Amino acid sequence: MCGNDACGEGAVLAGCRFYAGYPITPQNELTAYMAKRMNETGRVFIQAESELAAINMVFGAAAAGMRAMTSSSSPGISLKQEGISYMVGCELPCVVVNVQRGGPGLGNIAPSQGDYFQSVKGGGHGDYKLIVLAPSSVQELLDYTFLAFDLADKYRNPALILGDGLLGQMMEPIQIDSGIQPKFIDKPWALTGCKGRGPNIIKSLYLGDGVLEEHNKKLQEKFILMKESEVRAETFHTKDSEIVLVAYGSVARIAKAAMEMARSRGKKCGMIRPITLWPFPDKAIEEACNAARKFLVVEMSAGQMLEDVRLAVNGRAKVDFYGRMGGGVPTETEIFQRIEAMA
Amino acid sequence: MRPKNRKTKKRKNYPAIKQSNDTTTVLFSQPASLYAVENHYCAGCGHGIVHRLVCEAIDEFGIRERVIAVAPVGCAVIAYDYWNFDVTEAAHGRTPAVATGIKRVRPNNIVFTYQGDGDLAAIGTAEIIHAANRGENITIIFVNNGVYGMTGGQMAPTTLAGQRTATTIHGRSLRREGYPIKILEMLAVLPGTKYLERVSVHSAHEVLRAKRAISKAFKMQIDNKGFSMVEVLSMCPTYWDMTPIQAADRIKNEVSTFYPLGVIKSC
Ligand SMILES: Cc1ncc(C[n+]2csc(CCOP(=O)(O)OP(=O)(O)O)c2C)c(N)n1
Ligand code: SF4
C-alpha cells in the first residue's frame, strides 16, 4: 500500500464520517482513496471547489459532531489556515493531512519539510497550537492518522499529520487491522438540533471586555495539558552518544541509516526522532545533553526544527545543521560525512 | 452596525404567547424561535425583520428543534444571541461550505445560512456558486443591503451605480468598480438550484410576501427538493445616510427597479 492510501485507511478505521479535499500532487492518491472508501462504507466524500471550501465543510461536519478530515499538500494547506484557526477558536476537532511538497510558492512536487514552521508555530492567525504528528513509514501514516482522530476529539482541537511527498508515494507492506478501537467520546456541544435541550452555539467570537482573554486562557490550558500528556519521540543510543542526530518523518529513516553507518565505524552516535513536532520532545533532547557534545539536525528545509532543537539544548551543546531544500533529499552518505566532520 | 457599546439585554427564554381561548384570536405573538430581547441593529435596519420572518417560518413548520443555522460575518454575526436554536458561526463567506458539511452528515436536520451581500456576493462567491451547483439541500437567506454594514459602509458587489459609500465617495463608477451583481439571476442558470426568489422588507405588504418566500424556501428543504434561496432587499439607513423612511422608499423607488422582485426560478 502507498503512504497516501494508508493515511486514508487510518481515517476510515478511526470512524471518519466526512472527508472533503481538493486535488493536489503529491497527495492525489489520498483524495482518490477517500472517494472510493468513503462511498463504499456509506460515509460522505466531497471533492470541494477549493481548499478553503474543503476545510470549512470539515468545520461544518465537525460542528455537527462527526469525525472529519481534509488533506492537501503545501499550497493547499496555506489556504486552509483560516479554517484551522477558526476551528481552534471554536474548539472543533478535525484531522488535517499535509503531504508536503517543495516551496515557496508553487514550488515543485518533490518531497519537502518546508512547512514545519507553519505547522508548529501557528500558521493561521491568533494564539494557537495543533497537535502535529510526523509519521516516518507507511504503517505510521495509518497508525498516526488513526490516533490523530482520538487526540483531536480528546482536546477538541484540530490535529495535523505532517508527511511529505516521499512518504505519501512510497509503497510498503503494512498491517491494516490492529484490533484497536477508536475512542469515541460524547459531544454534548455538537449541533444536532436543540431537541430536549437548550440551543448549542459554536463560535470563536467573544466581544465583551476581557471575555476573549478568558477564552484564550482556556485554550492555553488545553495546550499545556497536551504538552504534559502527548509528547512522543523515539530515541536511539542517546544515553551514551557524543553526537546526536535529530530528524523527523522520512528524513529520520535516512538519518537512522547514517547513524548506523557511523556506529559501525566506532563513532558514538545516536538519534532522536520527534514523532510529535508539537508538543516538541524537549525533554528527550535535554536528557541527551547529558552525554552529547554535539547535535546534528537534518531536515528537508533551510533549518526550521533546528530552532526548536536549539531552544531545548539551550547552549549545553553545539548544534549543527544539514538541510536540503526545494525537493532535495539528503542522502545517507551526505549525513554520514557531516557526522565524520563533526567528530 | 453601530459601535458595539449598546449591550444586548440578558437572554430570557420567553415562550410564544399562547392565549387563544374561545374568545380571543391570536394575531401576533412572539415566535418561540426568537428571543424576546433588544437587538443591536440600527433603527430601521432590515436585519431584525428578516430574523423574525425566518423564526416565524421555522415555528410554523414546527422545526425549531431540527434547525441548524450558519451565521455570517457581517452585522448579523451574533444572530445566535437572538435565535433559539442551534447556530454556528462561519468564517466570512465560507458559510455555504459550512452548511454543506453540516447537512451532509445530518441530512435530517434543517440547515440554513444567513448571509449579507459582502459575505455571499464578494468573499464567498465560490462557496455559494458551488453549493448551489451541487444542489445542496440547504436554504440560503441572502440579505442584500447594497453595502458592507459591519465594517463601516463600504461598497459591496451589489452597490448600485452612482451609490456613494465609504469606498466610493463620489458614487460607484461602473467603469472603475464594475457592475452590481445580480446573484439570483446568475444562480438561476445552474440546474442545481430549485427555488430562487427576491423579496423586500421595505413595506408591510412586501414583508408578508417575504415571509411567504422564506416559508416556501424552508418547505423546499423539508421536502428534500434541493437548493433554495431567498434574496431580501434590506434597508441600511445608517450607511445609506438616510432616515428609516427614506431608506424604505429608496428600496421601493430605486433598488427594486434594478433588482426585480419576484420568483426568479421555481421547480
Ligand atoms: C476574512 C475577512 N475579511 C474581512 C473581514 C471584515 N468584515 C467583517 S463583516 C464584513 C462585510 C460585511 O458586509 P455584509 O456581508 O454585506 O453584511 P452586513 O454587515 O451589511 O449585514 C467584512 C468585510 C472579516 N471578518 N474576515
Ligand atoms: S446593516 Fe446597516 S442598519 Fe443594519 S445594523 Fe448594520 S449598519 Fe446598522
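All figures in this text were calculated on a predicted structure; none of them were measured in a lab. Naming: A, B, ... by sequence-line order, numbering from 1 per chain.
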Could you tell me whether Ile181(B) atom CD1 has more than 12 heavy atoms of other residues or ligands within 6.0 Å of it?
yes
Are more than 12 heavy atoms from other residues, nucleotides or ligands located less than 6.0 Å from atom CD of Glu213(A)?
no
Do any N or O atoms from the side chain of Asn84(B) and from the backbone of Pro199(A) form a donor-acceptor pair under 3.5 angstrom?
no
Min side-chain heavy-atom separation Tyr80(B)-Asn200(A) under 4.5 Å
no
Tyr22(A), OH atom: more than 12 neighbouring heavy atoms under 6.0 Å
no
Atom pair NE2/CG of His40(B) and Leu207(A) - distance to nearest 0.5 Å
9.0 Å
At a heavy-atom distance under 4.5 Å, which candidate from Ile68(B), Ile63(B), Thr100(B) has the highest pair count against chain A?
Ile68(B)
Nearest 0.5 Å, what's the OG-NE2 distance between Ser50(A) and His130(B)?
8.0 Å
Verify, without hydrogens or angle tests, whether Glu89(B) (side chain) and Ile202(A) (backbone) share a donor-acceptor contact under 3.5 angstrom.
no
Spatial distance of atom CZ (Arg66(B)) from atom OG1 (Thr192(A)) [nearest 0.5 Å]:
12.5 Å
In Å, rounded to the nearest 0.5 Å, how long is the span from CD1 of Ile201(A) to CZ of Phe85(B)?
10.5 Å
Taking the side chain as every heavy atom from C-beta outward, state whether Leu52(A) and Glu127(B) have any atom pair closer than 4.5 Å.
yes
Euclidean distance, Asn56(A) CG relative to Thr95(B) OG1, rounded to 0.5 Å
8.5 Å
Counting heavy-atom pairs under 4.5 Å with chain B, which one of Ala68(A), Gly65(A), Ala61(A) comes out on top?
Ala61(A)
Tell me if the NZ atom of Lys183(A) is crowded by more than 12 foreign heavy atoms within 6.0 Å.
no
Per-residue contact mode, Ala91(B) against chain A (heavy atom under 4.5 angstrom):
both
Quick check for you: among Ala20(A), Cys90(A), Ser204(A), which has the greatest number of heavy-atom pairs under 4.5 Å with chain B?
Ser204(A)
For Gly60(A) versus Ile102(B), what's the shortest heavy-atom pair and its separation?
O-CG1, 3.3 Å
Name the region of Arg134(B), side chain, backbone, both or neither, that has any atom closer than 4.5 Å to a heavy atom of chain A.
side chain
Between Val67(B), Val70(B), Val87(B), Asn108(B), which residue shows the highest count of heavy-atom pairs closer than 4.5 Å to chain A?
Val87(B)
Let me know if Val44(A) has heavy atoms under 4.5 Å from chain B in its side chain, its backbone, both or neither.
side chain
Donor-acceptor contact present, side-chain Arg94(B) to main-chain Gly83(A), <3.5 Å
no
How many angstroms lie between NZ in Lys103(B) and CE in Met57(A), if you round to the nearest 0.5 Å?
15.0 Å
Look at Asp86(B) together with Lys195(A) and state whether they make a salt bridge at an N to O cut-off of under 4.0 Å.
no
Is the CZ atom of Arg43(A) crowded by more than 12 outside heavy atoms at less than 6.0 Å?
yes
Specify the closest pair of heavy atoms between Ala53(A) and Ala97(B), including all atoms of both residues, with the distance to one decimal.
O-CB, 3.7 Å
Contact origin within Ser85(A) toward chain B - heavy atom pairs under 4.5 Å
neither
Arg104(B) and Phe18(A): which non-hydrogen atoms are nearest, and at how many Å?
CB-CE1, 4.1 Å
Please state whether the side chain, the backbone, both or neither of Ile46(A) comes within less than 4.5 Å of a heavy atom of chain B.
side chain
Okay, side chain of Arg106(B), backbone of Leu191(A): is any donor-acceptor separation there less than 3.5 Å?
yes
Please report the closest heavy-atom contact between Glu49(A) and Ala126(B), naming both atoms and the distance.
OE2-O, 3.6 Å
